[in-house]
Engineer: 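If you scroll down you'll find the structure; I have some questions about it.
As the structure is a computational prediction, the values presented were derived from the model and not from experiment.
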Amino acid sequence: MVAHTRFATLAASDAMVAQPPVIQEMASTDCASDRDFEQKTLHGKKVAMPRRLQPILGKSNRVRKAAPSSSRRKTSKAAEDDGILFPEKLDDVGLTKFLADEVTLRDVIQAMRHVRSHMFTPVPPTGFTSTRTAELLNYRASTPAMVTAGHLNAVLDSPTRTEREVVELVGKGALRKVRVERRSGMGEALIETSALEDMIRTSAGVSDVTAGRFLAFLKANPSEQMLARGQLTNAETDELVRAGFLTSAGHATPGSRLLVRPEDRTTLTSIQHVSRFASGTVSAVGGQNAIHLAGGGGGRGVASSSSASASASTASTSFRIAVPGHGRYLKLAEGAVNWLREALGKTAWGEGTEDWLRERFEDGGLYGARWKEFWGLDWSWLIGEAVGLGIVELFDTGCVGRGVRALGG
C-alpha cells in the first residue's frame, strides 16, 4: 500500500516535470487562485469570481446602480440655485405707503417737483470719461419735466383729491396735460405750463412769431389737447411739427389691450355702458351692434366704421399738442418698469424684498444696467412709477423691511 502511494506520487511529479513551462505556470496560478478563493470564502468575506470560472458560470444577475455622473450633480445643483429666489412667501403684515411718513407733500405742484428732483442720481465726478459724462448730462437736460398721473397718485395720499386738484390746475392754466397714443398709463403725463412755455420760447427751430401765436393759443385754451388746422398758417404748423410740439392726431389702435387706456377699453358691452340702461332692454346687453364692437362676427360693425371715419377725419383736420422728448421719457420709463417686472418674475411667488431688488438694480456699479441702460435712474423714482401704474404693490413684511409684489397689470 505504501509502495503504491509512493508510485502515484512519483508519477504525478514526473507528469509535472514533463509539462511545458507555460502550462506549469498556468496551473500554479489557478491553484493559487483557488486556494485564495477558498480562504476568503472561509473567512466570510465577499470575493470576486475566479477568472477561470467566469466563462463557465457567466456573469452575476445582481442589478448594480450606476453612480451619478458629475454633470447630473451639477445640473441638480444649478436647479437648486435657481430655486432659492424666495421659495417661500414673505410675511404680509399689510400694505404700506410709498413715501416715508416724514415726507409730506401738500399739493400737486410740489409733488411733481419732488418726483422730478428724484428721477436721476447725481453723476459721479470720477469713474466716467468726459464723453460719457457729457452724454449723461445732455440726456438728462433733454428729458422733459413731465410726471405721469399714476406717479402722482403714488406719492400723494388721496387719488380723488389729486384728480380734482389736477383738473382745477389745468383749468387755471398752471398745468398742461399731454398724451401719446399706443401707450398705457404712461402715455398721459402732466407738465407745468411755465416749463412748456420756456421750451417753446427757447426752441431753435421755432421762430419768435410762431412761438408767440402758439403760446397765445395755449393760454386761451388751457385744457385743449388738439390744435385745429387753420389756427396757424401751414408754415407755422410745419415749424411746430418739426420741433416736436405738434404731432398727428390720428388714433392708433394698440397691438395689445394692456397698452390701452381704461376709457378706451369701453365698448357697448362693458359694465360701465350697460349699467346705464334699464334691465331687459336691447341696450342693456350692448345693443344691436354689440357682437361687432366686441370683436366678433365676419363683417364690420356700423359703429366701428363710423368711429374709424371720425378718427381719420380728426387726423386730417387737427394736430395733437405734444412735448419734445416725451417719447424718450416713455422709453426710459417702460424699460425700467419692464426690468422690475422681469426681476420679480424670477422669484417663486412674484415677490421679493425691496432691498434685494434695489441691490440687483444697482449691481455692477457704474458698469451695471442702471447706468448703461437707464442713464443713472434713481431707484425711488422707478418703484414710484411702478406703484403708480399698478404694476407692483408695497407691503410690510414685519421683519425684513418692505416687500414688493407683482400685480397683473
Engineer: A quick test of your reading: do over 12 heavy atoms of other residues, nucleotides or ligands sit less than 6.0 Å from CZ of R242?
Structural biologist: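 For R242, atom CZ is not crowded (no more than 12 foreign heavy atoms under 6.0 Å).
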Engineer: I'd like to know if K346 and E342 make a salt bridge, using a cut-off of under 4.0 Å between side-chain N and carboxylate O.
Structural biologist: no
Engineer: Might you point out which heavy atoms bring L90 and G352 nearest each other, and give the distance in Å?
Structural biologist: CD1-C, 3.7 Å
Engineer: Below 30° counts as parallel, above 60° as perpendicular, anything between as tilted: where do the rings of H114 and H118 land?
Structural biologist: tilted
Engineer: Can any side-chain N or O of E163 pair as donor or acceptor with the backbone N or O of T160 at less than 3.5 Å?
Structural biologist: no
Engineer: Give the C-alpha distance, both sets of side-chain angles, the deciding distance and a yes or no for side chain to side chain contact (heavy atoms under 4.5 Å, CB included) between L357 and L344.
Structural biologist: CA-CA 8 Å; L357 287 169; L344 290 175; 3.8 Å; yes
Engineer: With a 4.5 Å cut-off on side-chain heavy atoms, are M146 and L190 touching?
Structural biologist: no
Engineer: Without swapping roles, check the side chain of E165 against the backbone of V108 for a donor-acceptor pair under 3.5 Å.
Structural biologist: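 At least one qualifying donor-acceptor pair exists.
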Engineer: Output yes when a side-chain donor or acceptor of N221 lies under 3.5 Å from a complementary backbone atom of E224, and no otherwise.
Structural biologist: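 Looks like no, no N/O pair under 3.5 Å.
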Engineer: Would a 4.5 Å heavy-atom cut-off, applied to side chains only, mark L215 and K219 as touching?
Structural biologist: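 With C-beta onward as the side chain, the pair stays apart.
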Engineer: Could you go through the side chain to side chain contact (heavy atoms under 4.5 Å, CB included) check for L218 and R176 one step at a time?
Structural biologist: CA-CA 9 Å; L218 295 179; R176 170 71 59 173; 3.4 Å; yes
Engineer: How many angstroms lie between atom CD of Q231 and atom OG of S318, to the nearest 0.5 angstrom?
Structural biologist: 10.5 Å
Engineer: Judged by atom type as modelled, is there a donor-acceptor pair below 3.5 Å linking the side chain of T121 to the main-chain atoms of G376?
Structural biologist: yes
Engineer: Would you mind reporting whether V178 and H326 have side-chain heavy atoms less than 4.5 Å apart?
Structural biologist: yes
Engineer: For the atom pair CD (E236) and CZ (R213), what is the distance rounded to the nearest 0.5 Å?
Structural biologist: 4.5 Å
Engineer: Hey, is E188 close enough to R179 for a salt bridge, meaning N to O under 4.0 Å?
Structural biologist: no
Engineer: For W375 and Y139, take the angle between the two ring planes, folded into 0 to 90°, and tell me which bin it lands in: parallel under 30, tilted 30 to 60, perpendicular over 60.
Structural biologist: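 Because their plane-to-plane angle is under 30°, the rings of W375 and Y139 count as parallel.
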Engineer: So, are K89 and E351 salt-bridged, with charged N and O less than 4.0 Å apart?
Structural biologist: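 Salt bridge: no.
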Engineer: Closest heavy-atom contact between N153 and P159?
Structural biologist: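 For N153 versus P159, the nearest heavy atoms are OD1-CA, 3.7 Å.
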Engineer: Are T353 and D355 close enough, and set up right, to give a side-chain hydrogen bond (donor to acceptor under 3.5 Å, both in side chains), and what steps lead you there?
Structural biologist: CA-CA 5 Å; T353 61; D355 293 338; 5.8 Å; no
Engineer: Minimum heavy-atom separation for F319 and R229, please, with both atom names.
Structural biologist: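 Minimum heavy-atom contact is CZ-NH1, 3.3 Å.
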Engineer: Given M226 and I321, is the side chain to side chain contact (heavy atoms under 4.5 Å, CB included) satisfied, shown in steps?
Structural biologist: CA-CA 6 Å; M226 310 294 291; I321 299 173; over 6 Å; no
Engineer: Would you give the length of the straight line joining atom CD1 of I200 to atom CG of L240, rounded to the nearest 0.5 angstrom?
Structural biologist: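 Atom-to-atom, I200:CD1 and L240:CG are 7.5 Å apart.
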Engineer: Check the side chains of T210 and S207 for a donor-acceptor pair under 3.5 angstrom, ignoring hydrogens and angles.
Structural biologist: yes
Engineer: For residues F214 and V209, determine if any side-chain heavy atom of one lies less than 4.5 Å from a side-chain heavy atom of the other.
Structural biologist: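 Answer no - side chains too far apart.
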Engineer: Check for a donor-acceptor pair, side chain of S203 on one end and backbone N or O of M199 on the other, with a separation under 3.5 Å.
Structural biologist: no
Engineer: Determine, step by step, whether F86 and W356 satisfy the ring pair (Phe, Tyr, Trp, His ring centres under 6.0 Å) criterion, reporting the C-alpha distance in whole Å, the side-chain angles of both residues, the deciding distance to 0.1 Å, and the verdict.
Structural biologist: CA-CA 10 Å; F86 302 98; W356 171 76; 5.1 Å; yes
Engineer: First locate atom CD of E334, then atom CD of E385, and finally report the distance between them rounded to the nearest 0.5 Å.
Structural biologist: 9.5 Å
Engineer: Roughly how far apart are S194 OG and I109 CD1, rounded to 0.5 Å?
Structural biologist: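 The CD1 atom of I109 is 8.0 Å from OG of S194, to the nearest 0.5 Å.
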Engineer: State, yes or no, whether a side-chain contact exists between L232 and L227 at a heavy-atom distance under 4.5 Å.
Structural biologist: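 Answer yes - side chains close enough.
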Engineer: Before giving the answer on side-chain hydrogen bond (donor to acceptor under 3.5 Å, both in side chains), spell out for E373 and W339 the whole-Å C-alpha distance, their side-chain angles and the decisive distance to 0.1 Å.
Structural biologist: CA-CA 10 Å; E373 300 179 20; W339 178 93; over 6 Å; no
Engineer: Which pair of non-hydrogen atoms, one from G384 and one from A154, has the smallest distance, and what is that distance?
Structural biologist: O-CB, 3.6 Å
Engineer: Side-chain donor-acceptor pair under 3.5 Å between E354 and W379, yes or no?
Structural biologist: yes
Engineer: So V155 and L105, do their side chains get closer than 4.5 Å, heavy atoms only?
Structural biologist: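 In short, these two side chains touch, coming nearer than 4.5 Å.
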Engineer: Hey, does the side chain of R370 reach the backbone of L377 with a donor-acceptor pair shorter than 3.5 angstrom?
Structural biologist: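 Yes; judged by distance alone, with no hydrogens or angles, the pair exists.
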Engineer: Taking it one step at a time, do L394 and I383 satisfy side chain to side chain contact (heavy atoms under 4.5 Å, CB included)?
Structural biologist: CA-CA 9 Å; L394 303 178; I383 194 67; 4.1 Å; yes
Engineer: Is there side-chain contact between F245 and P324, with heavy atoms separated by less than 4.5 Å?
Structural biologist: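 Yes - at least one pair of side-chain heavy atoms lies under 4.5 Å apart.
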Engineer: Return the minimal non-hydrogen interatomic distance between G403 and T397, and the atom names on each side.
Structural biologist: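 Taking G403 first and T397 second, the nearest heavy atoms are N-CG2, 3.9 Å.
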Engineer: Check whether any side-chain heavy atom of V337 sits under 4.5 Å from a side-chain heavy atom of V392, and report yes or no.
Structural biologist: no
Engineer: I'd like to know if the side chain of W349 and the backbone of P87 have a donor-acceptor N/O pair within less than 3.5 Å.
Structural biologist: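 Pair found, side chain donor or acceptor close to backbone of P87.
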Engineer: Taking all non-hydrogen atoms of both residues into account, name the closest pair between P222 and V170 and its distance.
Structural biologist: CB-O, 3.4 Å
Engineer: May I ask you to decide if S142's main-chain N or O and R328's side chain share a donor-acceptor pair within less than 3.5 Å?
Structural biologist: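 The answer is yes, because a donor-acceptor pair under 3.5 Å joins these two groups.
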Engineer: Taking the inter-plane angle between the rings of F361 and F374 on a 0 to 90° scale, is it parallel (under 30°), tilted (30 to 60°) or perpendicular (over 60°)?
Structural biologist: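 Parallel, since the angle between the ring planes stays under 30°.
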Engineer: Checking R402 side chain against K97 main chain: does a donor-acceptor pair fall under 3.5 Å?
Structural biologist: yes
Engineer: Taking atom OG1 of T162 and atom CG of L156, what is their separation to the nearest 0.5 Å?
Structural biologist: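 Interatomic distance, T162 OG1 to L156 CG, rounded to 0.5 Å: 4.0 Å.
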Engineer: Can a salt bridge be assigned to the pair E168 and K172 using a cut-off of 4.0 Å between side-chain N and carboxylate O?
Structural biologist: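 Between K172 and E168 there is a salt bridge, with a charged N closer than 4.0 Å to a carboxylate O.
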Engineer: Show your reasoning for whether salt bridge (Lys or Arg N to Asp or Glu O under 4.0 Å) applies to R405 and D92.
Structural biologist: CA-CA 10 Å; R405 180 184 297 115; D92 187 355; 3.0 Å; yes
